[in-house]
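Read the structure below first, then the notes.
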Amino acid sequence: MNWIDYESYIEIYPPKEFNFEECLVFLGRSNQEVLHRMEEGFLYKLIKVNESLILCKVGSINHAIKVEFPLNPESNDIHEKVAEYIWEWFDLDQDLESFYQVADKDKVLRTLTHKYHGLRIMCIPDLFEAIVWAIMGQQINLTFAYTLKKRFVEKYGESLTFQEETFWLFPSFEKIASIHVDDLRELQFTTRKAEYIIGIAKDMQSGKLTKELLLMKQDDHQVKKSLLLIRGIGAWTAEYVMMKCLHYTSSFPVSDVGLHNALKNVLELKSKPTIEKTEELAEGWKGWQAYATFYLWRSLYDKNT
């Protein structure tokens, strides 16, 4: 991690393959998003460090990421934790040069990687948030998934108000472990999804499920196997969590509808490709399936695609 603490703000220095504006396009894909806000090219994000709620104003300056603290300059150890969070959120540990070399030889990816050069997977550093968001999105459209997320966050998340705007944190697993299925049913969650989410919160509270334990597994197959043992997590959810939270660049949510739609658009196919056809198209992406998927998702937000 490459960063400097200037006391009233911090600067984070990403690798050269980084485009802040491209990342903002992805972050701005829904006006229902409740966990960050964008205003005049700045990204506002509330994070929790050592029990303190820290409001961050994130911008770009000369290829660096500048993070200001609108409420007050925090202490150095808090600044370091904020820098770590942003570094992981923007997936800045990945060396994208290898991905671009793979993409240059691929008919599907070549155009996309030139068009969106510097885009990085926008990660979800918190394991509970990543799993719950994936479960919320199961078998419903994205718009309704955002509606559920907003209700869930505003009912159970912590918040902070600044200049008459309220900023929210995703609810903690400790909080959700203590609620009941009927509480989530009231927010229009299905009984099954409510059971899954509360069950996962309890697994995390007991220490049975943690990000550290998953990352200690020897390879991605073991990680996926561990995730699949958890009630509510199927193949798509496991791959999504591995991609967005655990940084496995080879994870591949092959059954994803958005991925199929993007491939149909990019390749100008008459119909969406089957899973078998998708696997065939992805043969050249080995090791980088997650990034290939993310760039294809990004193409869905182009008006002219």
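In what follows, every heavy atom counts, from backbone to side chain, and hydrogens, waters and symmetry copies are set aside.
A cation-pi arrangement is absent between Lys175 and Tyr156 under the rule of less than 6.0 angstrom and at most 45 degrees off the ring axis.
In this structure, Asn141 places its CG atom where more than 12 heavy-atom neighbours from other residues, nucleotides or ligands lie under 6.0 Å away. Open room surrounds NZ on Lys225; 12 or fewer heavy atoms of other groups in view lie less than 6.0 Å from it. More than 12 heavy atoms of other residues, nucleotides or ligands lie within 6.0 Å of CD in Glu39, so this atom counts as buried by the packing criterion. Open room surrounds NZ on Lys202; 12 or fewer heavy atoms of other groups in view lie less than 6.0 Å from it.
Taking the side chain as every heavy atom from C-beta outward, Ser172 and Phe128 never approach each other to under 4.5 Å. A 4.5 Å side-chain heavy-atom check between Ile47 and Lys45 finds at least one atom pair inside the cut-off.
In this structure, the side chain of Lys224 does not engage the main chain of Glu239 through any donor-acceptor pair within 3.5 Å. Of the possible polar contacts, none joining the Lys272 side chain to the Ala262 backbone as a donor-acceptor pair under 3.5 Å is found. Arg151 places no side-chain N or O within donor-acceptor distance of the main-chain N or O of Leu148, the cut-off being under 3.5 Å. Looking only at distances, a side-chain donor or acceptor of Tyr291 sits under 3.5 Å from a matching main-chain atom of Ile121. With hydrogens and angles disregarded, no donor-acceptor distance shorter than 3.5 Å links the side chain of Lys66 to the backbone of Glu11. Side-chain N or O atoms of Thr210 include one that pairs as donor or acceptor with a backbone N or O of Leu213 at under 3.5 Å. Side chain of Glu268 to main chain of Val266: no donor-acceptor pair is present (N/O by atom type, distance under 3.5 Å, no hydrogens or angles). Checking side-chain atoms of Arg192 against main-chain N and O of Tyr196 turns up no donor-acceptor pair under 3.5 Å.
Between His117 and Tyr100, the ring centre distance stays below 6.0 Å. When ring centroids are compared, Phe170 and Phe152 come within the 6.0 Å threshold.
Separation of atoms CD (Glu84) and CD1 (Ile86) is listed at 11.5 Å; rounding is to 0.5 Å. Atom CD1 of Ile179 is separated from atom CD1 of Ile198 by 4.5 Å, given to the nearest 0.5 angstrom.
In this structure Glu174 satisfies the salt bridge (Lys or Arg N to Asp or Glu O under 4.0 Å) test with no other residue, sequence neighbours excluded. With sequence neighbours excluded, no residue forms a salt bridge (Lys or Arg N to Asp or Glu O under 4.0 Å) with Glu80. When the salt bridge (Lys or Arg N to Asp or Glu O under 4.0 Å) test is applied to Glu280, the partners found at least two apart in sequence or on another chain are Lys277. Annotation: salt bridge (Lys or Arg N to Asp or Glu O under 4.0 Å) contacts of Glu129 (sequence neighbours excluded): none.
Judged as a side chain to side chain donor-acceptor pair (under 3.5 Å), the pairs with a partner in residues 247-256 (not counting sequence neighbours) are, in order, Glu88-His247, Asp91-His247, Asp220-Ser250, Trp236-Asp256, Asp256-Trp297.
Val34 and Phe144 fall within the same hydrophobic cluster, defined by Ile, Leu, Val, Met, Phe, Trp and Tyr side-chain heavy atoms under 4.5 Å apart, directly or through other members.
Using a 3.5 Å distance cut-off with no hydrogens or angles, the side chains of Thr166 and Ser159 do not pair a donor with an acceptor. Looking only at atom types and distance, the side chain of Thr147 has a donor-acceptor partner in the side chain of Gln32 under 3.5 Å away. Side-chain atoms of Arg120 and Gln94 form no donor-acceptor pair, as typed in the model, at a separation below 3.5 Å.
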- Query: Given His79 and Phe69, is the ring pair (Phe, Tyr, Trp, His ring centres under 6.0 Å) satisfied, shown in steps?
  - Reply: CA-CA 10 Å; His79 283 182; Phe69 304 96; 4.5 Å; yes
- Evaluate salt bridge (Lys or Arg N to Asp or Glu O under 4.0 Å) for Lys286 paired with Glu283, printing each intermediate quantity in order. CA-CA 6 Å; Lys286 285 202 170 48; Glu283 274 172 12; over 6 Å; no
- Message: Does Lys150 form a salt bridge (Lys or Arg N to Asp or Glu O under 4.0 Å) with Glu33? I'd like the steps, not just the answer.
- Response: CA-CA 7 Å; Lys150 193 169 193 296; Glu33 177 58 66; over 6 Å; no
- Task: Given ring pair (Phe, Tyr, Trp, His ring centres under 6.0 Å), test Phe162 with Tyr44 step by step and report yes or no.
- Result: CA-CA 11 Å; Phe162 171 68; Tyr44 289 82; 7.4 Å; no
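The shortest non-hydrogen separation linking Val49 to Lys81 is CG1-CB, 3.4 Å. The minimum heavy-atom distance between Gly118 and Tyr295, with the atom names listed, is N-OH, 3.8 Å. Nearest heavy atom pair, residue Tyr116 against residue Ser299, reads OH-CA, 3.3 Å. The minimum heavy-atom distance linking Leu169 with Leu46 is given by the pair CD2-O, 3.3 Å. Between His36 and Leu43 the shortest heavy-atom distance is CD2-CD1, 3.9 Å. Taking each heavy atom of Val254 and Glu279 in turn, the nearest pair found is CG2-CG, 3.7 Å.
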Run the side-chain donor-acceptor check on residues 102-110: report pairs under 3.5 Å with partners two or more places apart or on a different chain.
unit_1: Asp104; atom_1: OD1; unit_2: His114; atom_2: NE2; d: 3.2
unit_1: Asp106; atom_1: OD1; unit_2: Trp285; atom_2: NE1; d: 3.1
unit_1: Asp106; atom_1: OD2; unit_2: Val108; atom_2: N; d: 3.0
unit_1: Asp106; atom_1: OD2; unit_2: Leu109; atom_2: N; d: 3.0
unit_1: Asp106; atom_1: OD2; unit_2: Trp285; atom_2: NE1; d: 3.2
unit_1: Arg110; atom_1: NE; unit_2: Asp104; atom_2: O; d: 2.8

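Ring-plane geometry between Phe18 and His63 is classed as perpendicular, the angle between the planes exceeding 60 degrees on a 0 to 90 degree scale with a lower cut at 30. Below 30°, between 30° and 60°, or above 60°: for Trp288 and Phe99 the angle between ring planes is between 30° and 60°, a tilted geometry.
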